[in-house]
Protein chains: 2
Amino acid sequence: MDAETDDIQRNKHPAREVDAIDRKILGVLVEDATISYAELGERVGLSPPAAHERVKRLKRSGAIRATSAIIDPRAVKKPLLAFVHIDTRGWGKTPELMAVSKFPEVEEIHTVAGDTCMLLKVRTEDTRALEGLLARLYDTPGVTSTRSYVVLSTYLERPVQPETTAEWPAPKHMATPVY
Amino acid sequence: MDAETDDIQRNKHPAREVDAIDRKILGVLVEDATISYAELGERVGLSPPAAHERVKRLKRSGAIRATSAIIDPRAVKKPLLAFVHIDTRGWGKTPELMAVSKFPEVEEIHTVAGDTCMLLKVRTEDTRALEGLLARLYDTPGVTSTRSYVVLSTYLERPVQPETTAEWPAPKHMATPVY
DNA sequence: CTTGAAAAAACACATTA
DNA sequence: TAATGTGTTTTTTCAAG
């Protein structure tokens, strides 16, 4: 097994770090991935071939997982967004429960720490469809209860941003952590 | 004011409905928006110019909101995902609270119905950064408490899907709704 | 909506800095 | 590692039917 195959199995090249220019590229492509390499290069201070090379590397390394069309939920008749908390008896992550990922209405499935086991993000046409999904969940062995948070308004919803906040405000009245 | 300007103000062209072919196009572009119009046309049974015309219309109408690079959170040093529930005194949606959208760590802000007022999806480098964000939230006037659900594992996370489930399983032991 | 031809990119090089 | 320059290929785009 060669190094490349190994890296693919690990699902990512630990490879080269994402540097400042890479972050700028990612920032641009998150906003609009349809621009030409000429324009991308211009925005980050690189020649078109250099920009192209960077993007290819970011895709190879897995930093760019995909380039996707972002759809307006209303255009595809899915105006109702909800977050569903699921409590289970025993270990929640069963194949039966994971089967809900077959429904295109289910956009996210996470296991979480807190007063609940799992968290789903679902987008449906109406409350009727949400009820159908919840009914399906209750039919799943091990599911003891669900709590749904129906979204009234969405004020922000965006993909993963490459930027990070360098300096966080020091929590007031708080002891300094050891590390 | 002409019709077109009016439509733009409404932020969408009510225009032509998204038909079956449009949905197929959206389905393909959600998976991979880098393909050529030739290939897109082939996959949905259209000529390249026809496919192009459809895509242009979907973008004009706002059905396709953007074409974005989907970034691996780990590549940009944001391995920690959390959902934060915020309880507020009075009406939660204040400008001060909305200011958190300036932090690139905050990906979603929703107002919800349920036992909490607002719901945030945040992605940070570590627990320290999450604490910094929470400290910032507590500093916001009106915020009475927060509850955080730290994601242990993500099993599914995908963009809005154009498909919808036609037939939901009829909820067992449930009376038939009037409508 | 299709076919077919043009214009404009993207892409793959080699060379140089 | 990136810039420049060349040529080739592909894609986009605009005709006309």
Side-chain angles (χ1 to χ4, degrees), chain A residues 2-5 7-8 12-71 75-76 159 162-163, chain B residues 4 7-8 13-72 74-77 159 162:
Chain A
D2 64 357
E4 189 175 327
T5 308
D7 284 338
I8 288 171
K12 287 318 114 194
H13 293 235
R16 189 131 64 280
E17 286 286 310
V18 172
D19 66 14
I21 296 177
D22 287 332
R23 275 190 199 259
K24 285 176 76 175
I25 289 174
L26 291 173
V28 171
L29 294 184
V30 162
E31 291 303 313
D32 186 2
T34 67
I35 63 172
S36 69
Y37 290 114
E39 187 170 345
L40 175 61
E42 195 173 343
R43 291 205 206 170
V44 302
L46 248 50
S47 70
H52 187 195
E53 194 55 47
R54 291 263 189 169
V55 172
K56 275 198 294 186
R57 208 189 61 205
L58 287 168
K59 285 181 177 174
R60 263 202 317 271
S61 73
I64 296 177
R65 298 215 292 209
T67 300
S68 303
I70 307 301
I71 301 174
V76 292
E163 300 88 7
Chain B
E4 189 176 330
D7 285 338
I8 289 170
H13 293 235
R16 190 133 62 281
E17 286 287 308
V18 173
D19 65 13
I21 296 178
D22 287 332
R23 274 189 201 259
K24 284 176 77 175
I25 290 174
L26 291 173
V28 171
L29 295 183
V30 162
E31 290 303 312
D32 185 2
T34 67
I35 63 171
S36 67
Y37 291 114
E39 186 170 345
L40 175 60
E42 196 173 343
R43 291 205 206 169
V44 303
L46 248 51
S47 69
H52 187 196
E53 196 53 49
R54 291 262 189 169
V55 171
K56 274 198 293 186
R57 208 191 58 202
L58 288 167
K59 285 181 177 174
R60 262 202 318 271
S61 73
I64 296 178
R65 299 215 291 210
T67 300
S68 304
I70 306 302
I71 301 174
D72 185 337
R74 291 169 298 185
V76 292
K77 297 276 169 51

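A quick note: this is a predicted structure, and the numbers were derived from the prediction, not measured. In what follows, every chain begins at residue 1, and chains take the letters A, B, ... in the order their sequences are listed. As a basis for the values below, the full set of heavy atoms in this structure was taken, side chains included, without hydrogen atoms, waters or symmetry mates.
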Minimal heavy-atom distance between A/D22 and A/V18, with the atoms involved, is CB-CG1, 3.4 Å

How is B/K56 classified with respect to the nucleic acid when contacts are heavy atoms under 4.0 Å: base, sugar-phosphate, or nothing?
-> nothing

Looking at residues at least two apart in the chain, or sitting in another chain, which of them share a side-chain hydrogen bond (donor to acceptor under 3.5 Å, both in side chains) with B/K77?
-> A/E17

Taken in chain and number order and not counting sequence neighbours, the residues that satisfy salt bridge (charged side-chain N to carboxylate O under 4.0 Å, His left out) with A/K59 are none

Is there a side-chain contact between B/E53 and B/L46 (heavy atoms, below 4.5 Å)?
-> no

Compile the donor-acceptor pairs under 3.5 Å between side chains in residues 26-33 of chain A and protein atoms, sequence neighbours left out, one pair per line.
residue: A/D32; atom: OD1; partner: A/T34; partner atom: N; Å: 2.9
residue: A/D32; atom: OD1; partner: A/T34; partner atom: OG1; Å: 2.6
residue: A/D32; atom: OD2; partner: A/T34; partner atom: OG1; Å: 3.4

Where A/P48 and A/A38 come nearest, the two heavy atoms and their spacing = CG-CA, 3.8 Å

For DNA chain C, consecutive-pair runs of 3 or more (Watson-Crick or G-U wobble, both H-bond-type distances under 3.5 Å) give C:1-5 with D:13-17, C:8-17 with D:1-10

Residue among B/T67, B/I70, B/I35 satisfying side-chain contact (heavy atoms from CB on, under 4.5 Å) with A/T67 = B/T67

Over all heavy atoms of both residues, which pair between A/I71 and B/P162 is shortest? Give the atoms and the distance, please.
-> CD1-CD, 3.9 Å

Collect all protein-nucleotide pairs involving nucleotides 14-16 of chain C in which both atoms are nitrogen or oxygen and the distance is under 3.5 Å.
none

Pairing residues for A/S36 by the side-chain hydrogen bond (donor to acceptor under 3.5 Å, both in side chains) criterion, not counting sequence neighbours = none

Among the nucleotides D/dT1, C/dT3, D/dT4, whichever has the atom closest to the side chain of A/P49 is D/dT4

Name all residues meeting the salt bridge (charged side-chain N to carboxylate O under 4.0 Å, His left out) criterion together with A/E42; count only those two or more places apart in sequence or in a different chain, and write none if there are none.
-> none

For DNA chain D, determine which residues of residues 19-33 of chain B have any heavy atom closer than 4.0 angstrom to one of its atoms, and list them numerically.
-> none

In chain order, what residues pass the side-chain hydrogen bond (donor to acceptor under 3.5 Å, both in side chains) check against B/E39, with sequence neighbours excluded?
-> B/R43

Which part of the nucleic acid, if any, lies within contact of A/G45, taking any heavy atom under 4.0 Å across all strands shown: a base, the sugar-phosphate backbone alone, or nothing?
-> sugar-phosphate

Counterpart residues, side-chain hydrogen bond (donor to acceptor under 3.5 Å, both in side chains), relative to A/R23 (two or more places apart) = none

Using a cut-off of strictly less than 4.0 Å, decide whether B/R54 has a side-chain nitrogen or oxygen near OP1 or OP2 of C/dC1.
-> yes

Whole Å only: how far is the CD atom of A/E53 from the C1' atom of D/dT4?
-> 15 Å

Pairs in or reaching into residues 45-67 of chain B: which pass ring-ring contact (aromatic ring centres under 6.0 Å, His included), with residues at least two apart or in two chains?
-> B/Y37-B/H52

Counting any heavy atom closer than 4.0 Å, what does A/R57 reach on the DNA or RNA strands: base, sugar-phosphate only, or nothing?
-> nothing

Using atom names, set out every protein N or O paired with an N or O of nucleotides 8-12 of chain D below 3.5 Å, distance rounded to 0.1 Å.
residue: D/dT12; atom: OP2; partner: B/Y37; partner atom: N; Å: 2.8

